[in-house]
Amino acid sequence: MDLSVLERVKWLQQQQMVSPEFFEILGSDGREELRRVESYLGNNNDELQSFRHYETIDGCISRTSSFQMEQVKNNEENRVIALQNKRKTEGKTEKRENKKKKIKTEDETESSMKGKSNMSNSETSSEIEKRDYIHVRARRGEATDRHSLAERARREKLSKKMKCLQDIVPGCNKVTGKAGMLDEIINYVQSLQQQVEFLSMKLSVLNPELEFHINELSTKQFQACFTDLPEAVSKQSMMVDASSFPLHQTTSLDYSVKNSNQTISLGSKEQTSWEIHSQCLYNNLRTDSVSNFFSFK
Amino acid sequence: MERQTINKNKRVFSAEPTKLSPSEVFTRKYTSHLVPALKKLNMDKNSPQINQLTVKHEVDMALALSAQEFAWSRFLLEKLSSSNNPTTTISSSSNGTRIPERSCKEDEDGEIEEKLRELQKLLPGGEEMNVEEMLIEIGNYIKCLELQTSALKSIVQDTT
């Protein structure tokens with residue numbers, strides 16, 4: 001490509017690859033960046049042209065780097081990540097193109113084992129494509145009829161959401177595969193609901209005393225508690241002051257302990273970390289001071 | 001003393017009016033719903049034993065009211081307001097229902113679907129959503145449950 005930098009950027013803009021801000025961001029380092037960016041484009045220029053005609057794509061082309069150029073459009077952070085991603089996938093796509101035959105399942109397992117960067121790749125690219133219509137790249141050796149493409153699009157959406165859930169639910173990182181993760185999520189939700197029930201039961205017992213103490217509580221105190229939230233929740237240690245409980249309360253506590261033990265033991269084969277914590281939660285009756293709670297900062 | 005100084009620091013920190021994370025917003029709303037409701041319960045019922053189910057009802061109601069931007073909270077509200085006799089809404093139904101894992105690979109998809117269905121049962125209103133929506137809502141629901149539990153913990157803690 002013998003075009004000058006300006007012309008190249010204009011061409012990129014025409015291709016709707018790059019937003020005008022990109023050019024501004026480039027600045028002094030721009031030319032080098034652009035050269036890097038261009039090098040990816042330049043390799044696959046022909047494919048890029050054909051890429052514009054959506055109808056002609058049979059799906060026999062594996063993921064090319066030009067495909068990923070669309071991500072550059074967004075903001076600067078995305079641009080940096082996109083550049084890094086491109087470098088990674090560039091190597092992978094080259095490998096794939098070298099190999100002649102690929103088994104379908106192999107492709108799928110490869111894709112499932114790819115890192116987060118590739119997930120975000122397919123994410124943003126499929127998001128951008130959705131603007132027009134659902135457009136899915138079929139990989140080498142995979143079926144190209146509409147149903148399987150649609151099915152794959154659906155599956156990718158699902159797996160994207162599962163990934164988000166993985167970030168929310170603690171302990172999901174160790175488990176792989178949809179079924180295991182779903183198990184974890186189910187267990188977690190159940191245990192959270194049980195916690196809520198347990199706490200409301202305790203509250204119902206303590207309620208007569210509530211009135212005296214409520215007036216002392218200020219909203220700022222609550223804020224102080226809740227800014228510690230992430231640590232508190234992750235540690236999952238319950239502050240239970242056993243000595244202040246009246247006698248009949250202990251029996252109901254025992255009941256809840258048995259109950260929770262049953263449900264927890266039924267569910268899990270392996271003891272994941274947060275399950276252990278939640279068992280400690282019900283079993284540990286430690287005397288507590290408020291300063292402990294605050295010390296989690 | 002330590003607590004007071006910590007509180008002072010926190011107070012200075014929280015004096016900035018603009019920065020309110022969604023979790024803080026939620027917890028504030030939650031406590032502002034729950035605490036007066038509990039007080040009211042206290043004052044209304046002069047009988048010695050406050051019904052556990054009513055408290056649970058209030059707890060759930062406070063949850064639903066403080067998270068009104070989510071679909072599941074609407075379902076929860078409907079469920080709570082429609083049932084005059086508040087039954088233990090959420091957790092009792094799901095106790096002990098564990099699907100045994102099948103090792104056969106052909107059933108894998110079916111297994112995943114069953115698990116998704118179970119997850120739908122856990123979420124209020126989950127059965128009426130499609131799977132994609134449900135997964136998003138589950139994420140929000142889990143977050144709010146976490147915040148709710150920590151709010152309840154701190155309430156309980158402060159009264160002991």
Side-chain angles (χ1 to χ4, degrees), chain A residues 154 157-158 161-162 164-165 168-169 178-179 182-183 185-186 188-190 192-197 199-214 216-217 219-227 229 232-233 238-239 241 244 259 262-263 266-267 269 288 290-291 293-294 297, chain B residues 2-3 6-7 10-11 13-14 23-24 27-28 31-32 35 38-39 41-43 48 50-52 54-56 59 88 90-91 94-96 98 101 108 111-112 115-116 118-119 122-123 131-132 135-136 138-139 141-143 145-160:
Chain A
R154 193 186 72 91
K157 269 193 241 173
L158 269 180
K161 276 159 202 156
M162 296 284 276
C164 295
L165 281 178
I168 295 179
V169 176
K178 272 194 208 172
L182 281 176
D183 261 342
I185 296 172
I186 290 174
Y188 189 59
V189 173
Q190 279 177 349
L192 278 180
Q193 287 173 348
Q194 283 167 12
Q195 274 188 48
V196 169
E197 206 182 327
L199 283 170
S200 64
M201 189 166 60
K202 245 194 355 170
L203 204 59
S204 67
V205 170
L206 294 175
N207 220 5
E209 302 160 17
L210 199 75
E211 209 177 326
F212 302 114
H213 296 271
I214 282 296
E216 296 168 7
L217 296 171
T219 43
K220 285 173 186 173
Q221 277 185 359
F222 274 121
Q223 276 178 30
C225 297
F226 300 142
T227 46
L229 266 178
V233 169
M238 183 132 121
M239 311 296 173
D241 196 357
S244 69
N259 201 13
Q262 268 176 18
T263 49
L266 267 178
K269 289 182 181 176
D288 145 72
V290 180
S291 57
F293 190 74
F294 283 109
K297 291 179 296 167
Chain B
E2 202 185 277
R3 181 178 171 175
I6 292 171
N7 272 346
K10 292 291 180 189
R11 257 182 237 147
F13 211 77
S14 59
S23 54
E24 278 186 31
T27 41
R28 263 202 211 165
T31 47
S32 64
V35 171
L38 287 176
K39 257 175 137 171
L41 266 185
N42 250 331
M43 297 194 318
I50 292 175
N51 197 6
Q52 188 186 320
T54 0
V55 174
K56 182 79 171 59
V59 162
T88 50
I90 309 168
S91 31
S94 56
N95 276 343
R98 289 290 304 154
E101 276 191 38
E108 203 181 277
E111 191 185 321
I112 290 179
K115 297 208 170 127
L116 283 171
E118 208 190 317
L119 208 53
L122 285 177
L123 185 71
V131 178
E132 298 171 13
L135 286 179
I136 300 176
I138 278 271
Y141 185 62
I142 288 176
K143 268 285 164 192
L145 274 183
E146 283 174 4
L147 294 171
Q148 185 189 29
T149 43
S150 53
L152 284 175
K153 270 185 214 172
S154 62
I155 291 177
V156 166
Q157 213 178 21
D158 281 322
T159 56
T160 53

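Quick caveat: nothing in here was measured; it's all calculated off a predicted structure. Numbered from 1 within each chain, the chains take letters A, B, ... in sequence-line order.
- Between atom CG of residue L135(B) and atom NZ of residue K157(A) there is a gap of 12.0 Å, rounded to the nearest 0.5 Å.
- In this structure, CD1 in I138(B) is found 12.5 Å from OH in Y188(A), a value given to the nearest 0.5 Å.
- We find the OG1-CD distance between T149(B) and Q193(A) to be 11.5 Å, quoted to the nearest 0.5 Å.
- A distance of 10.5 Å separates NZ in K143(B) from CG in L192(A), rounded to the nearest 0.5 Å.
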**OP:** Run the numbers on R154(A) and E132(B) for side-chain contact (heavy atoms from CB on, under 4.5 Å), then give the verdict.
**Re:** CA-CA 9 Å; R154(A) 193 186 72 91; E132(B) 298 171 13; 4.0 Å; yes
Original post:
After noting the C-alpha distance and the side-chain angles of I185(A) and I142(B), does the key distance pass the side-chain contact (heavy atoms from CB on, under 4.5 Å) rule?
Top reply: CA-CA 9 Å; I185(A) 296 172; I142(B) 288 176; 4.2 Å; yes
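- For the residue pair A179(A) and E111(B), the shortest heavy atom distance occurs at CB-OE2, 3.9 Å.
- For L165(A), the part lying under 4.5 angstrom from a heavy atom of chain B is the side chain only.
- Here the closest heavy-atom approach between residue I168(A) and residue E146(B) is recorded as O-OE2, 4.2 Å.
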